[in-house]
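Structure record follows, encoded as structure tokens.
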Amino acid sequence: IEPMNRPAIAHKISLGLIALFCLLALGAEVAEYQFFAHLKSEKKTSTFNELASIGQLKSSQLSAFLKERRGDSLVLTDLLHVGLAQGWWATKGNDLPALLQQPLESAVAYYGYAGATILDARGNVRFSTGRSMKLSERGELLARQVLQTTPPPFSDLYAADPASPEQPMLDTFAPIKGADKTTTVGVLVLRGTWEDLFTMIQSWPGKSRTAEIELIKHDNDQVIVLNKLRYMTPTPMTRKVPSTLDTFPIVKAAQGHYGPLESSSDYRGHAVLAHIVPVQGTPWSMVVKVDTEEVLEHLQSLQLIAATVTLIAAAGLGLWTHRWQRKREQDRVR
């Protein structure tokens, strides 16, 4: 090789090494991105499975809770079916016989109900015990449905007492049958505030900053959140969302969407991973969710560290290559 061609050849070798270095660095970045994308997908899948398990557990607990309430009401309505109550139903002005009033009040106190009310077939109050036992328009409508439909609606969570609309009540409605066991002669309403129910719904099996459960129902053109939210101050029943905001998981739940859901925004404007389950025997749905950022933050931190290490390694390799090539040229000159 002629001496005058050696610089040009050395320059070409340098360019080749630089190109090879760039290709290796780019390949490492692509492989790193694909690796972490796979890890994030796997993490989302495992999170969806975890949310599904929690949702099924909470839904089953809530269904069992409601079943117990219905059992209480059926026991007490059986008591009101018997012969001692028949004469009381026939006489409009008499008080409930002590043999019936005493076990009814004892059951209300023992099971932690706020009170109980007995309505006749016309919706008139025949007996009431406890506090905050007035019925709102929604409660009166449910009582009429008990009298007119088969099977009747047993329970609903709503702002029951007009005097305290900020306090949600879970009213259990049960029909009282006449002597023929077919005619409905009245309605028993058992009322509970059920703060423990809200605590049970929001309890989480592990540590989480953003995990939350929303119990919702669809009401005309709005979605109502029935329970207390974990990180919001509004009381239950006061959080209402227009059903047109279909990016929200609670709106998707009201539209009948069940199963896993990845949403770009919830009511706080945060991207979330959610799982939606129905609550059997009710018009309610349950949204179990956690922020996507919390789920992926560990992997994102690892990805940032890996990217930094890759960049440092690439810079080090490039510097070493440059020095090696420079030393090679110096040796050739000497």
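This is a predicted model, so every value here is computed, not measured.
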Legend entry - Hydrophobic cluster membership, V75 vs V187, 4.5 Å side-chain cutoff: no

Legend entry - Derivation and outcome, salt bridge (Lys or Arg N to Asp or Glu O under 4.0 Å), residues E297 and R209: CA-CA 12 Å; E297 63 182 354; R209 300 191 315 272; 3.0 Å; yes

Legend entry - N-O pairing of E50 and K43 below 4.0 Å: no

Legend entry - Rounded distance (nearest 0.5 Å) linking atom CG of L273 with atom OG of S263: 9.5 Å

Inset, instruction - Flag yes if more than 12 heavy atoms outside E293 fall under 6.0 Å of its CD atom; otherwise flag no. - result: no

Inset, instruction - Find out whether W284 and L66 are in side-chain contact, i.e. whether some heavy atom of one side chain is under 4.5 Å from a heavy atom of the other. - result: yes

Inset, instruction - Verify, without hydrogens or angle tests, whether S59 (side chain) and G55 (backbone) share a donor-acceptor contact under 3.5 angstrom. - result: no

Legend entry - Note, K58 side chain near I201 side chain (heavy atom, < 4.5 Å): no

Inset, instruction - Heavy atoms only: give me the nearest P249-I276 pair and the separation to one decimal. - result: O-CD1, 3.7 Å

Inset, instruction - Please check if the side chain of T184 supplies one atom and the backbone of G186 the other of a donor-acceptor pair under 3.5 Å. - result: no

Legend entry - Atom pair NZ (K67) and CG (L62), whose distance is rounded to the nearest 0.5 Å: 14.0 Å

Legend entry - OG1 on T47 to NZ on K289, rounded to 0.5 Å: 14.0 Å

Inset, instruction - Check whether any side-chain heavy atom of L135 sits under 4.5 Å from a side-chain heavy atom of L119, and report yes or no. - result: yes

Legend entry - side-chain contact (heavy atoms from CB on, under 4.5 Å) evaluation trace for E262 with F48: CA-CA 9 Å; E262 184 172 0; F48 280 132; 4.2 Å; yes

Legend entry - Residue pair V279, L215: steps toward the side-chain contact (heavy atoms from CB on, under 4.5 Å) verdict: CA-CA 9 Å; V279 181; L215 185 65; 4.0 Å; yes

Inset, instruction - Check whether any side-chain heavy atom of V189 sits under 4.5 Å from a side-chain heavy atom of I118, and report yes or no. - result: no

Legend entry - Rounded distance (nearest 0.5 Å) linking atom OG1 of T172 with atom CG of L142: 11.0 Å

Inset, instruction - Specify the closest pair of heavy atoms between A174 and T77, including all atoms of both residues, with the distance to one decimal. - result: CB-CG2, 3.7 Å

Inset, instruction - Evaluate side-chain hydrogen bond (donor to acceptor under 3.5 Å, both in side chains) for Y113 paired with R69, printing each intermediate quantity in order. - result: CA-CA 10 Å; Y113 289 96; R69 305 288 76 75; 3.1 Å; yes

Inset, instruction - Would you check if L296 and K44 make a side-chain contact, meaning some heavy-atom pair closer than 4.5 Å? - result: yes

Legend entry - D266 and R268 ion-paired at < 4.0 Å: yes

Inset, instruction - Could you tell me which non-hydrogen atom of E294 sits nearest to which non-hydrogen atom of S208, and how far apart they are? - result: OE2-OG, 3.0 Å

Inset, instruction - Could you walk me through whether Q56 and M286 pass side-chain contact (heavy atoms from CB on, under 4.5 Å), step by step? - result: CA-CA 9 Å; Q56 292 296 337; M286 188 176 286; over 6 Å; no

Inset, instruction - Tell me whether L57 is reachable from W204 by hopping between hydrophobic residues (I, L, V, M, F, W, Y) whose side-chain heavy atoms are closer than 4.5 Å. - result: no

Inset, instruction - Find the distance between NZ (K134) and OG1 (T117) and round it off to the nearest 0.5 Å. - result: 11.5 Å

Legend entry - Spatial distance of atom CG (L51) from atom NE2 (H275) [nearest 0.5 Å]: 8.0 Å

Legend entry - Minimum heavy-atom distance between A254 and V223, given as atom pair plus value: CB-CG2, 3.6 Å

Legend entry - S265 and F248: CA distance, side-chain angles, deciding distance, side-chain contact (heavy atoms from CB on, under 4.5 Å) verdict: CA-CA 6 Å; S265 176; F248 289 6; 3.8 Å; yes

Legend entry - D171/R191 ion pair, N-O < 4.0 Å: yes

Legend entry - T210 side chain vs D291 backbone, donor-acceptor pair below 3.5 Å: yes

Inset, instruction - Identify whether V225 and Y258 are in the same connected component of the hydrophobic contact network (ILVMFWY, side-chain heavy atoms under 4.5 Å). - result: yes

Inset, instruction - Find out whether V185 and K177 are in side-chain contact, i.e. whether some heavy atom of one side chain is under 4.5 Å from a heavy atom of the other. - result: no

Inset, instruction - Determine the minimum heavy-atom distance between V108 and A116, stating which atoms define it. - result: CG2-CB, 3.7 Å

Inset, instruction - Using modelled atom types only, decide if a donor and an acceptor are shared between the side chain of S73 and the backbone of R70 within a distance under 3.5 Å. - result: yes

Legend entry - Q102, CD atom: more than 12 neighbouring heavy atoms under 6.0 Å: no

Legend entry - Min side-chain heavy-atom separation V290-V272 under 4.5 Å: no

Inset, instruction - Please tell me if the side chains of L76 and L104 come closer than 4.5 Å, counting only heavy atoms from C-beta onward. - result: yes

